[in-house]
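This report refers to the structure that appears directly beneath it.
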Amino acid sequence: MDLIARLRAGLPGEAILTDPDVTGSYANDMASFCEAGTPAVVVLPRTVEQVQHIMRTATELRVPVVPQGARTGLSGAANASDGCIVLSLVKMDRIIEINPVDRIAVVEPGVINAVLSRAVNAHGLYYPPDPSSWEQCSIGGNIGTASGGLCCVKYGVTAEYVLGLDIVLADGRLLTTGRRTAKGVAGYDLTRLFVGSEGSLGIVVRAVLALKPEPPEQLALAAEFPSTAAACEAVCEIMARGHAPSLLELMDRTSIRAVNDMAQMGLPDTTEALLLAAFDTPEPAADLAAVGELCTAAGATQVVPAETAAESDMLLQARRLTLTALERVKSATMIDDVCVPRSRLAEMLDGTAAIAEKYGLTIGVCAHAGDGNTHPTVCFDAADPDESRRARESFDDIMALGLQLGGTITGEHGVGVLKKEWLARELGPVGLELQRGIKQVFDPLGILNPGKLF
C-alpha cells in the first residue's frame with residue numbers, strides 16, 4: 001500500500017492535500033537562506049488519534065515527517081524536506097480547559113497565542129509569553145521553538161509556562177509528561193526537554209500551561225540617548241537597582257531612522273538609541289520616575305513618561321513598527337536573535353554596527369534589552385548575489401560576536417536550518433554527542449524533522 005492510500009485508511013479526505021500547487025505553499029516558514037524541499041503530502045489532523053495514525057504510517061514506510069504550526073518561524077525549523085509528510089497542526093485549535101483555581105489552561109497546539117491570551121483574560125488571568133507574531137503564531141510553534149517576547153524581562157519565556165505535554169512519538173505511541181499541579185519533581189523533566197526541540201523528538205498534541213493573575217495596565221516611558229553605550233548603561237543600572245520592568249526595549253539609530261522614515265514619528269536625528277521601559281506594578285508612575293532618573297544620570301537627552309495607558313501605547317508604537325520599517329529598506333531581511341549577558345549588551349550593539357560598516361550593509365538592531373536578547377536585522381537585496389553573500393557573512397559574524405561575548409546563537413527563534421552549523425560550536429563536542437544520543441532514543445529512525453538542529 002502506498003503512502004497516500006495508507007494515510008487515507010485513517011484520515012478523512014479533506015485532511016489530506018496532494019495537489020502540488022497547494023502542498024508547495026507549505027514548504028517553508030519565514031526564514032531567509034534556508035533550503036526547503038518538496039513535500040509528498042500535507043496532512044491536517046484534527047484529533048490525537050489521527051496524529052497517531054500518521055506517525056505509525058510514517059514509521060512503517062520510513063517517511064520523514066515535518067511538523068508545522070503557523071509557519072511564522074524565523075529559522076527554517078518548519079521547512080519541508082523532499083518526499084516528506086508535512087504534518088500541519090493548525091486544525092487542532094481547541095482551548096480544552098481554563099481553570100482559574102489551578103491557574104492552568106489546557107490547549108491543543110494549533111491555538112493562536114493571542115486567542116489564548118484573550119480567553120484567559122476573560123477569567124482575570126494572564127498568559128505572559130507574547131512573541132511579536134502573537135496574533136498569528138500558534139502555541140505548538142511557541143513550544144517547539146521555546147519562544148520569548150516583549151514581557152520576558154519580568155515574566156520569563158514559554159518554557160517556564162509549560163507544565164505538561166501530550167506527545168505523539170515517532171512510532172505513534174502517546175506519551176504524557178509533566179503535571180497539572182503547582183509542584184512536581186517526579187523523574188526526569190521530559191517536559192522541558194520537548195520545549196525547544198523543534199519537532200525533532202515528538203509531536204505536541206496537547207499542552208498544560210501555567211497562568212498568572214492578570215496584572216494592572218502598564219505605563220511606559222521613552223528615553224532618548226546620544227549613544228548606545230549610554231542607553232546600555234541605563235539598562236544595567238535599572239536591573240542592578242532591583243527594578244522589575246514589564247518591558248525594557250532598545251532601538252538603535254538605524255531602527256529609529258527606519259521608523260521615522262515610514263511613520264514620521266518625529267524622533268530627533270541626533271538620537272542614537274531609544275530605550276523604552278514599562279511597569280505593570282501597583283504604582284507604575286513611581287517606578288517610571290525612578291527609572292527616568294537613572295536614564296538621565298546615564299546621559300539621556302530626553303525622558304518622556306506616559307500618564308495613561310493610551311499614551312503608553314503611543315510611546316511603544318515605534319518599537320512595534322521596527323521590523324515593518326526595516327523591511328522597507330531593502331527587498332529582504334535576515335533577523336537574528338543573539339542573546340548576550342546584559343553587561344555585554346553595549347559591546348554587542350557596537351560590534352554589530354562595526355559589522356554593518358565592514359560589509360557595507362544596513363543592519364538595524366532592536367533588543368529585548370532587559371534580558372540581553374538582540375535582534376540584528378540585516379537588510380539586503382535578494383536579487384543581488386554579492387549583497388546576498390555579504391548579508392549571510394554578516395549574519396555569521398553577528399553570531400560569532402554573540403558567542404565571543406558569552407552569549408547564545410538563539411534566544412527565542414530556535415536553530416532550525418539557519419543556525420545548525422553554529423549549534424555545534426556553542427554546544428561543544430560532548431554536548432553535541434549527548435544531544436544526538438537523546439534524539440536517537442526518541443527517534444531511532446531519524447524521521448522526525450530531519451536536517452534540523454544537527
Side-chain angles (χ1 to χ4, degrees), residues 130 132 149-155 215-322 325 342-350 353 364-375:
D130 61 341
S132 296
L150 299 182
C151 73
C152 294
V153 60
K154 181 174 182 177
Y155 292 103
E217 281 191 308
Q218 66 180 8
L219 286 183
L221 69 72
E224 299 171 17
F225 288 87
S227 69
T228 53
C232 292
E233 180 184 344
V235 170
C236 292
E237 282 298 308
I238 291 166
M239 302 309 292
R241 298 293 183 93
H243 292 288
S246 55
L247 175 148
L248 192 58
E249 297 287 306
L250 187 149
M251 296 169 58
D252 75 345
R253 173 182 58 189
T254 301
S255 298
I256 293 167
R257 280 157 178 65
V259 171
N260 261 344
D261 289 344
M262 183 183 77
Q264 290 77 51
M265 298 292 289
L267 295 170
D269 289 339
T270 54
T271 300
E272 293 291 314
L274 181 69
L275 187 64
L276 299 159
F279 286 87
D280 58 6
T281 53
E283 299 291 338
D287 290 307
L288 288 182
V291 165
E293 291 179 4
L294 293 176
C295 289
T296 300
T301 54
Q302 185 174 9
V303 177
V304 181
E307 295 183 358
T308 66
E311 289 181 5
S312 294
D313 285 342
M314 289 179 63
L315 291 178
L316 297 176
Q317 185 69 3
R319 173 62 181 87
R320 295 192 184 102
L321 291 175
T322 302
R342 297 184 194 100
S343 58
R344 312 298 296 273
L345 188 59
E347 295 170 81
M348 184 66 203
L349 267 67
D350 289 344
V365 183
C366 58
H368 308 313
D371 52 26
N373 195 173
T374 68
H375 290 300

From CE (Met265) to CG (Leu315), nearest 0.5 Å: 8.5 Å

Look at atom CE of Met262 and say whether more than 12 heavy atoms of other residues, nucleotides or ligands are closer to it than 6.0 Å. yes

Working to the nearest 0.5 angstrom, can you tell me the gap between Gln317 CD and Thr322 OG1? 10.0 Å

Do Glu237 and His243 come within less than 4.5 Å of each other through their side chains, counting heavy atoms only? no

Minimal non-hydrogen separation, Ala318 against Val259, with atom names: O-CG2, 3.7 Å

Is it the case that the side chain of Asp252 and the backbone of Val365 share a donor-acceptor pair, with hydrogens and angles ignored and the cut-off at 3.5 Å? yes

Check whether any side-chain heavy atom of Thr301 sits under 4.5 Å from a side-chain heavy atom of Thr270, and report yes or no. no

Distance check, rounded to the nearest 0.5 Å: Cys152 atom SG versus Asp130 atom CG? 6.5 Å

Glu249 CD to His375 NE2 distance, which is reported to the nearest 0.5 Å: 7.5 Å

Main-chain N/O of Gly364 paired to Ser255 side chain as donor or acceptor, under 3.5 Å: no

Taking the side chain as everything from C-beta on, heavy atoms only, tell me whether Leu250 gets closer than 4.5 Å to Leu349. yes

Quick check: does any side chain N or O of Asn260 sit under 3.5 Å from a backbone N or O of Gly266, one acting as donor and the other as acceptor? yes

Arg319 side chain near Leu247 side chain, heavy-atom distance below 4.5 Å: no

Where do Tyr155 and Pro215 come nearest, in terms of heavy atoms and distance? OH-CB, 3.6 Å

What is the minimum heavy-atom distance between Arg342 and Cys236, and which atoms define it? O-SG, 3.7 Å

Taking all heavy atoms of Leu219 and all of Ser312, pick out the closest pair and write down the distance. CA-OG, 3.2 Å

Assess whether side-chain contact (heavy atoms from CB on, under 4.5 Å) is satisfied between Leu345 and Thr374, documenting all intermediate values. CA-CA 8 Å; Leu345 188 59; Thr374 68; 3.6 Å; yes

Looking at SG of Cys151 and CG of Asp371, how far apart are the two atoms once the value is rounded to the nearest 0.5 Å? 10.0 Å

Closest non-hydrogen contact found for Leu275 with Cys295 is CD2-SG, 4.1 Å

Within-4.5 Å side-chain heavy-atom neighbours: Asp313 and Arg320: yes

Which heavy-atom pair separates Gly370 from Met239 by the least distance, and what is that distance? O-CE, 4.1 Å

CG/Leu288 to CG/Leu221 distance, rounded to the nearest 0.5 angstrom? 5.0 Å

